[in-house]
Every structure is written in structure tokens, then in C-alpha cells.
Amino acid sequence: MSTIGIGIIGASQGGWASISHVPALKALPDFELRAISTSRRESAEAAAAAFGVEAAFDNHADLLAHPGVDVVVVAVKVPHHQKLISAALDAGKTVYSEWPLALNATEAAELARRAQAAGVRTVIGLQGRYQPELRYVRRMIEEGRIGRVIGTTMVGSGMVWGSETTRAHAYWYDRDQGATPLSAAALHAIDALQVTLGEFTHHSANLVVGRKEVTLAEDGSVLPVSVADQIALIGTLESGAAASVFYRGGTSRGDNFRWEINGTDGDIVLTAAWGNMQVADLALHAGFGKDASVSPIEVPAEHRAGIPDELTGPSRNVAALYTQLGRDLREGTHTVPDFGYALTRHRLIEAMERSQA
């Protein structure tokens with residue numbers, strides 16, 4: 001297959017796509033960023049000039065009609081996903097949607113149904129599984145390095161959803177906008193946990209709105225908060241292991257990310273200064289058998305496959321997902337998480353909210 005052409009809807013400078021997708025695509029020879037669209041002509045042309053892209057549009061329809069675009073990336077606010085993704089599916093393009101796929105499980109189910117009916121390949125941006133450290137952790141567990149996994153505890157910070165925000169990011173604090181501590185930071189981490197250790201067979205959740213108000217940095221005005229910013233999940237995994245996850249909004253003066261995996265013959269510890277684990281630089285420690293403590297573990301180079309050396313932070317795991325997508329497109333396989341998979345995660349969120357209710 002020749003070079004895969006990418007078009008990004010929502011490619012403004014400074015946005016998520018500009019710090020993750022654009023650097024990843026520039027570093028991957030099998031892909032080429034061929035078109036971008038934003039909501040304004042000025043921002044589209046500025047982004048195109050900055051990214052070295054010829055085609056810039058102020059509407060998604062023109063991007064979808066571009067003959068060089070094979071894969072459409074939707075990287076805009078969640079309330080706009082259903083309209084834009086539906087249009088991309090109708091255009092017969094492969095669609096890569098950022099997570100969350102939709103505002104709720106009902107919308108996600110409709111998008112998954114439409115994709116299946118159209119026979120269109122889809123991708124959901126749950127890239128935490130491609131962390132090199134997690135790839136190696138899965139291998140260590142498969143090889144029995146820590147014996148049988150009997151429990152795991154994860155604690156993290158959402159990094160945003162603190163006591164102050166900017167007007168541009170106030171939507172994070174509105175439950176109806178879809179970008180909440182549960183649907184974003186916590187679910188990325190929970191997904192990585194389940195990919196590594198197996199699905200929850202049963203669970204209960206506690207979702208608490210800890211901060212009732214948020215202050216706008218520009219003028220000191222105060223807005224109400226409707227998102228739960230204290231998230232607790234406890235349950236049992238399909239292996240029989242006990243699992244607990246706690247995510248909070250804002251930052252901690254202690255650890256912003258710590259994940260322990262405890263086995264009958266060893267322990268694995270993953271930590272990071274940044275709580276959004278899907279973009280964080282993870283530190284891996286482990287101890288086995290008669291070890292009295294955990295020690296730093298070097299990740300073998302093979303577990304960094306698909307990640308160019310120059311990439312760090314947000315673009316690193318996005319590049320790994322693109323690399324796997326390219327392999328799928330060439331070989332006709334389906335290994336990357338798709339809209340059907342995304343629906344299972346939306347249903348987990350829905351189940352957690354029902355458990356709380």
C-alpha cells in the first residue's frame with residue numbers, strides 16, 4: 001500500500017492534534033498529513049503554514065472530499081463528534097476519532113452501528129495501551145515474573161479540573177460537554193489497566209463532585225461545576241484479582257500517578273509526574289522472588305517498536321497507534337481499538353454512573 005493520506009478535522013495550532021497527531025505523522029514515513037480543517041479560514045491557513053500542509057479548509061465537507069485523504073481524524077470537542085464522524089463515515093473514509101467517541105453510550109452505539117453498516121474501518125484514540133512500559137509489563141506478567149496477579153491499585157490525578165481554569169477550558173467542568181475526569185483521564189487509565197490485566201467482571205463506583213465551583217483566571221468570576229472530580233472504582237477482574245482505581249481532579253502534592261500490580265511472587269510499580277497516563281513518561285520498577293524492594297527496570301528496545309526516537313510525550317503513543325493502523329491497512333487485519341470497542345468503554349462509564357446512582 002502507498003503512503004496513507006491523513007486529514008485532520010480540528011487541527012488548530014495549540015490544540016490536541018497539533019501536539020500529538022502532527023508530530024507523530026511527520027515522524028512516520030508511511031503516513032502523510034495532506035489536509036486540515038478548522039472552523040475559521042484564518043486559523044486553517046495559519047495551521048497549514050505551520051505544519052507544511054497544502055490543503056486547508058474552513059469546513060469539514062471540503063476535507064472529506066479531498067481525494068488524497070484516506071483517513072479522517074476527528075479531534076474536536078465531543079459534542080461535535082456525532083455530526084462530523086457521521087459525515088466521514090458517509091464519505092466512506094477510515095475514521096480515527098479521539099476519545100471519548102461520543103457524549104454517551106447511546107450516541108456511541110449509533111456511531112458504531114453506522115460504521116458497521118457502511119463497512120468502514122474505524123479507530124478510537126485510546127492509546128495508553130501502546131506505552132512501551134505497559135507492553136513490557138504485559139510480557140512480564142505473561143511470563144509469570146510476578147507469579148499470579150492477585151491485586152492492583154491505581155491512583156492518579158486528572159491534572160486539570162482544579163480550582164482555577166481559563167474561559168477557553170471552562171467546558172471541562174460542564175458534564176454535558178463530555179470531557180470529564182471520568183470520561184477522559186480516568187477512563188484512559190482504566191482502559192490501560194483492563195488491557196493489561198483483564199476486564200472487570202463486577203464493580204462498584206463512587207463519583208463525587210468535590211469542587212462545587214471553579215474560578216476563571218481572566219477575571220476571577222466563578223462558575224458552577226457539574227462534573228464528578230473524585231472517582232473511585234473497585235471490583236474484581238476476570239482473573240479473580242482485586243482492583244481499585246482512584247482518580248481526582250486537579251493535581252496532588254504527592255503522587256500524580258502510581259499503579260501497583262501485586263502478584264504471588266513479585267510486584268510491579270509504574271509512576272509518573274503527570275497523571276494522564278496515556279501521555280505521561282512512565283517510570284517502571286519491579287521486584288521478584290526474594291527481592292526486598294522494587295528496582296528500576298529498563299524496557300527492552302523491542303517494546304518501543306513503532307515509536308520514532310525523536311518523539312516524546314503526547315505524540316509517542318499516538319505514533320505507535322498509527323504504526324499499528326498502518327500495519328492493519330496493509331495486511332487487512334483489525335488490531336487497533338475501533339468504535340465497537342469504544343462502545344464497551346462508554347458502557348463501562350454508564351455502568352459506573354448507574355452504580356453510583
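None of these values were measured; they are calculated from a predicted model.
Look at Asp90 and Arg114 and you find a salt bridge, because one of the NZ, NE, NH1 or NH2 atoms lies within 4.0 Å of a carboxylate O, short of that distance. Salt bridge Arg354/Glu350: present, at least one basic N to carboxylate O contact under 4.0 Å. Ion pairing of Arg167 with Asp219 is present here, as a side-chain N (NZ or NE/NH1/NH2) and a carboxylate O approach within less than 4.0 Å.
Checked by atom type and distance alone, the side chain of Ser18 pairs as donor or acceptor with a backbone atom of Gly14 at under 3.5 Å. Judged purely by atom type and a 3.5 angstrom limit, Thr333 has no side-chain atom pairing as donor or acceptor with the backbone of Thr335. Checked by atom type and distance alone, the side chain of Asn276 never pairs as donor or acceptor with a backbone atom of Gln278 at under 3.5 Å. Side chain of Asp62 to main chain of Ala65: no donor-acceptor pair is present (N/O by atom type, distance under 3.5 Å, no hydrogens or angles). Put simply, the side chain of Lys77 never gets that close to the backbone of Gly178: no donor and acceptor are under 3.5 Å apart. Under the 3.5 Å distance criterion, the side-chain polar atoms of Asp265 are left unmatched by any main-chain donor or acceptor of Ile146. Between the Tyr173 side chain and the Lys212 main chain, no donor and acceptor come within less than 3.5 Å of each other.
Using modelled atom types and a 3.5 Å distance limit, the side chains of Arg34 and His66 yield no donor-acceptor pair. Under 3.5 Å, the side chains of Asn256 and Thr251 contain no donor-acceptor pair of N or O atoms. Between the side chains of Gln127 and Arg316, no donor-acceptor pair of N or O atoms lies under 3.5 Å. Under 3.5 Å, the side chains of Glu98 and Trp16 contain a donor-acceptor pair of N or O atoms. At a cut-off of 3.5 Å, with distance as the only test, no side-chain donor of Arg258 or Thr271 sits close to an acceptor on the other residue. Looking at Trp172 and Thr165, their side chains never bring a donor and an acceptor atom within 3.5 Å of each other. In this model, no donor atom of one side chain and acceptor atom of the other lie less than 3.5 Å apart for Thr122 and Asp338. At a cut-off of 3.5 Å, with distance as the only test, a side-chain donor of Gln324 or Arg327 sits close to an acceptor on the other residue.
Using a 4.5 Å cut-off between side-chain heavy atoms of Ile, Leu, Val, Met, Phe, Trp and Tyr, with links allowed through other members, Phe257 and Val155 fall into different hydrophobic clusters. In the hydrophobic clustering of ILVMFWY residues, with side-chain heavy atoms under 4.5 Å counting as a link, Tyr130 and Ile307 come out apart. There is a path of hydrophobic side-chain contacts, each under 4.5 Å, that joins Phe288 to Ile141. Under the 4.5 Å side-chain heavy-atom criterion for grouping Ile, Leu, Val, Met, Phe, Trp and Tyr, Phe246 is not connected to Ile261 through any hydrophobic cluster. By the criterion of side-chain heavy atoms lying less than 4.5 angstrom apart, applied directly or through intervening Ile, Leu, Val, Met, Phe, Trp or Tyr residues, Val78 is not grouped with Met352; the two fall into different hydrophobic clusters.
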Could you please spell out the steps behind the salt bridge (charged side-chain N to carboxylate O under 4.0 Å, His left out) verdict for Arg330 and Asp30?
-> CA-CA 10 Å; Arg330 288 192 304 273; Asp30 290 341; 3.2 Å; yes

Is there a side chain to side chain contact (heavy atoms under 4.5 Å, CB included) between Asn262 and Val149 once you walk through the steps?
-> CA-CA 6 Å; Asn262 310 114; Val149 175; over 6 Å; no

For the pair His285 and Leu270, evaluate side chain to side chain contact (heavy atoms under 4.5 Å, CB included) and give the outcome as yes or no after the intermediate values.
-> CA-CA 6 Å; His285 292 71; Leu270 292 148; over 6 Å; no

In sequence, state the C-alpha distance, the side-chain angles, and the governing distance for Thr166 and Glu218, and then conclude on side chain to side chain contact (heavy atoms under 4.5 Å, CB included).
-> CA-CA 7 Å; Thr166 61; Glu218 290 88 344; 3.6 Å; yes

Derivation and outcome, ring pair (Phe, Tyr, Trp, His ring centres under 6.0 Å), residues His169 and Trp161 | CA-CA 9 Å; His169 297 107; Trp161 301 285; over 10 Å; no

Go through the steps to decide whether Leu64 and Val69 satisfy the test side chain to side chain contact (heavy atoms under 4.5 Å, CB included), and finish with yes or no.
-> CA-CA 7 Å; Leu64 296 178; Val69 171; over 6 Å; no

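Ring pair His81/Trp99: centre-to-centre distance not below 6.0 Å.
Surrounding CZ of Arg347 are at most 12 heavy atoms belonging to other residues, nucleotides or ligands under 6.0 Å away. Atom CD of Glu302 is surrounded by more than 12 heavy atoms from other residues, nucleotides or ligands within 6.0 Å. Annotation for Glu54: atom CD does not count as buried by contact number, only 12 or fewer foreign heavy atoms lying within 6.0 Å. Other residues, nucleotides and ligands place no more than 12 heavy atoms under 6.0 Å from the CH2 atom of Trp274. Residue-environment remark: CD (Gln116) stays at or below the threshold of 12 foreign heavy atoms within 6.0 Å.
Rounding to the nearest 0.5 Å places CD1 of Ile6 at 10.0 Å from CD of Glu32. Between atom OG of residue Ser157 and atom CE of residue Met277 there is a gap of 14.0 Å, rounded to the nearest 0.5 Å. If you take OG1 on Thr180 and CZ on Arg175, they are separated by 8.0 Å, rounding to the nearest 0.5 Å. For the atom pair OG (Ser12) and CD (Glu42), the distance works out to 11.0 Å, reported to the nearest 0.5 Å. Leu111 CG to Leu89 CG: the interatomic distance, rounded to the nearest 0.5 Å, is 7.0 Å. For the atom pair OG of Ser183 and CD1 of Ile349, the computed distance is 5.5 Å after rounding to the nearest 0.5 Å.
Taking the six-membered ring where the residue is Trp, Tyr96 and His21 present perpendicular rings, their angle passing 60° and hence far from 30°.
Shown here are the side chain to side chain contact (heavy atoms under 4.5 Å, CB included) partners of Arg253, two or more places apart in sequence or in another chain: there are none.
When all heavy atoms are compared, the tightest approach of Ala56 to Ala44 is CB-O, 3.6 Å. Listed here is the closest heavy atom pair of Ala170 and Leu216: CB-CD2, 4.2 Å. Here the closest heavy-atom approach between residue Phe57 and residue Ala35 is recorded as CE1-CB, 4.0 Å. Of all heavy-atom pairs between Ile36 and Val53, the closest is N-CG1, 4.4 Å. Looking at every heavy atom in both residues, Leu103 comes nearest to Asp176 through CD2-O, 3.4 Å. The minimum heavy-atom distance between Pro132 and Asn317, with the atom names listed, is CD-OD1, 3.9 Å.
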Show every donor-acceptor pair shorter than 3.5 Å between a side-chain atom in residues 186-211 and any protein atom, with sequence neighbours excluded, or say none if there are none.
unit_1, atom_1, unit_2, atom_2, d
Asp191, OD1, Tyr341, OH, 2.4
Asp191, OD1, Arg345, NE, 2.8
Asp191, OD1, Arg345, NH2, 3.3
Asp191, OD2, Arg129, NH2, 3.2
Gln194, OE1, Phe200, N, 3.0
Thr196, OG1, Ala192, O, 2.8
Glu199, OE1, Arg345, NH1, 2.8
Glu199, OE2, Arg345, NH2, 2.9
Thr201, OG1, Thr236, O, 3.0
His202, NE2, Thr236, OG1, 3.3

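Asp328 has its side chain within reach of Val336: a pair of non-hydrogen atoms, C-beta onward, lies under 4.5 Å apart. Using a 4.5 Å heavy-atom threshold, the side chains of Ser97 and Val123 count as separate.
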